[in-house]
Amino acid sequence: MAMHAYDKLFLSDFMKTLGFASDFAVNVCGLSSDSFYDFFIASKVSSYIEAGSPPFISGLSGTELVLSIFERVGFETPGSALSDYVRFDRSPEYWGGWILAYYQWKTNISFSKLRDFFSFSNIIAMYNPLHEASEEKFVEVMNDLILNKQKVTNLQRLRKLSGLTQKELSKLSGVNLRTLQQYEIGGKDINKASGEAINSLARVLKCNFYDVMELDLT
């Protein structure tokens with residue numbers, strides 16, 4: 001089973017919180033979406049969320065989350081933003097925060113690592129047509145885009161040479177599918193996998209134990 005930083009019971013609420021936070025920061029406070037995301041990471045609030053810290057996962061509204069971020073990075077909150085914030089529609093910025101919260105929870109890739117692949121504005125730009133798709137469809141699209149952006153891992157190269165899909169390799173090796181996907185996109189370090197898992201992958205792929213790993217031999 002894939003491990004998550006916090007229980008799925010809290011996921012829906014936090015998705016809404018980050019959605020409202022994104023909308024509030026951009027459409028009320030006047031920040032660009034990328035500036036808000038930079039503040040989110042610089043404030044270390046993103047790290048607390050990745051660790052499943054209860055006050056940040058379930059203790060704050062979207063507005064309170066933004067104000068906490070601003071305070072931590074020393075950004076003065078615009079006076080106009082201090083009035084009551086109520087929004088009933090769902091803006092692209094709301095959707096961006098909402099779906100990003102889901103993707104990070106699902107994959108365990110850090111918010112900072114995700115920024116290395118895509119800016120927050122890039123994600124918001126996916127609003128059309130993905131805002132009407134399922135969360136799992138977004139995960140599928142993002143995983144494919146990340147794979148295309150990064151260096152091909154040994155595991156991915158060997159799997160494709162073998163003609164196996166990720167699901168087939170997972171079934172034959174006994175390695176969890178989500179974990180296998182994370183090894184391929186670098187969300188998890190395959191060098192830290194158990195010897196049993198690496199041996200099993202190597203056996204199915206008909207290669208050496210070390211061929212599966214990402215070892216710098218230079």
Side-chain angles (χ1 to χ4, degrees), residues 5 11-51 53 56-150 185 187:
L11 178 59
S12 179
D13 284 344
F14 181 66
M15 289 169 67
K16 294 173 186 175
T17 296
L18 193 57
F20 279 119
S22 173
D23 181 80
F24 176 73
V26 174
N27 296 315
V28 178
C29 299
L31 269 69
S32 70
S33 56
D34 292 332
S35 292
F36 167 63
Y37 199 68
D38 287 344
F39 284 176
F40 179 54
I41 293 171
S43 67
K44 305 299 184 184
V45 168
S46 61
S47 298
Y48 288 120
I49 291 164
E50 292 159 10
S53 175
F56 291 96
I57 296 300
S58 60
L60 299 174
S61 68
T63 304
E64 290 169 337
L65 185 66
V66 172
L67 296 180
S68 176
I69 290 169
F70 285 175
E71 181 179 3
R72 288 168 179 269
V73 298
F75 180 76
E76 185 174 348
T77 306
S80 59
L82 296 177
S83 57
D84 291 339
Y85 166 68
V86 179
R87 192 176 186 102
F88 298 101
D89 60 331
R90 298 293 182 262
S91 66
E93 291 77 20
Y94 173 93
W95 177 83
W98 180 85
I99 198 65
L100 183 64
Y102 181 85
Y103 186 76
Q104 194 283 320
W105 178 86
K106 184 75 174 180
T107 64
N108 285 321
I109 302 174
S110 72
F111 288 106
S112 180
K113 179 74 171 178
L114 289 173
R115 187 178 57 176
D116 291 340
F117 293 112
F118 296 98
S119 67
F120 190 38
S121 58
N122 289 153
I123 292 173
I124 292 171
M126 299 180 193
Y127 176 79
N128 283 316
L130 287 179
H131 75 284
E132 295 184 346
S134 69
E135 293 95 320
E136 289 303 321
K137 179 62 178 178
F138 180 83
V139 171
E140 179 184 330
V141 169
M142 281 288 285
N143 284 349
D144 285 344
L145 290 171
I146 288 174
L147 277 173
N148 288 334
K149 276 180 170 282
Q150 67 181 168
I185 66 175

For the atom pair CE (Met142) and CE (Met126), what is the distance rounded to the nearest 0.5 Å? 5.0 Å

Contact check, side chains of Lys106 and Glu135, non-hydrogen atoms, under 4.5 Å: no

Report the distance from atom CZ of Phe24 to atom CZ of Phe36, rounding to the nearest 0.5 Å. 10.0 Å

Suppose we screen for side-chain contact (heavy atoms from CB on, under 4.5 Å). Which residues come up paired with Ser12, at least two apart in sequence or across chains? Lys16

Would you find more than 12 non-hydrogen atoms of other residues, nucleotides or ligands less than 6.0 Å from Glu136 atom CD? yes

Separation between CD1 (Ile146) and CG (Leu114), nearest 0.5 Å, reads 5.5 Å

How long is the span from the CD1 atom in Ile124 to the OG atom in Ser32, to the nearest 0.5 Å? 9.0 Å

Nearest non-hydrogen partners of Cys29 and Phe70, listed with the distance: SG-CE1, 3.8 Å

Evaluate the side-chain proximity of Val28 to Thr63: yes if any heavy-atom separation is below 4.5 Å, no if none is. no

Quick one, Tyr103 and Asn143 - any side-chain contact, counting heavy atoms below 4.5 Å? yes

Closest heavy-atom contact between Ile49 and Ala5? O-CB, 4.2 Å

Are the side chains of Leu67 and Glu71 in contact, using a 4.5 Å heavy-atom criterion? no

Taking Ser22 for its side chain and Leu18 for its backbone only, find out whether a donor-acceptor pair lies under 3.5 Å. no

Here the gap from Leu100 atom CG to Ile123 atom CD1, rounded to the nearest 0.5 Å, amounts to 4.5 Å

For Phe138, the option from Tyr102, Trp95, Trp98, Tyr127 that meets ring-ring contact (aromatic ring centres under 6.0 Å, His included): Trp95

List the atom of Ser61, the atom of Glu64, and the distance in Å for their closest heavy-atom pair. N-OE1, 2.9 Å

Which atoms form the tightest heavy-atom contact between Ser33 and Phe120, and what is the distance? O-CD2, 3.4 Å

Could you walk me through whether Ile109 and Ile185 satisfy the side chain to side chain contact (heavy atoms under 4.5 Å, CB included) test, starting with their C-alpha distance in whole Å, then the side-chain angles of each, then the deciding distance to 0.1 Å, before giving a yes or no? CA-CA 10 Å; Ile109 302 174; Ile185 66 175; 3.5 Å; yes

On a heavy-atom basis, which atom in Ala101 and which in Leu11 lie closest, and how many Å separate them? O-CD1, 4.2 Å

Determine, for Asp23 against Arg90, whether the closest basic-nitrogen to carboxylate-oxygen distance falls under 4.0 angstrom. no

Find the distance between CZ (Phe111) and CG (Asp116) and round it off to the nearest 0.5 Å. 14.0 Å

With distance as the sole criterion, is a donor-acceptor pair present between the side chains of Asn122 and Ser119 under 3.5 Å? yes

Take the angle between the ring planes of Phe39 and Phe75 and call it parallel below 30°, perpendicular above 60°, tilted in between. tilted

Step by step, work out the side chain to side chain contact (heavy atoms under 4.5 Å, CB included) result for Leu65 and Phe56. CA-CA 7 Å; Leu65 185 66; Phe56 291 96; 4.0 Å; yes

Full working for salt bridge (Lys or Arg N to Asp or Glu O under 4.0 Å) between Arg115 and Asp38: CA-CA 9 Å; Arg115 187 178 57 176; Asp38 287 344; 2.9 Å; yes

Okay, side chain of Gln104, backbone of Glu50: is any donor-acceptor separation there less than 3.5 Å? no

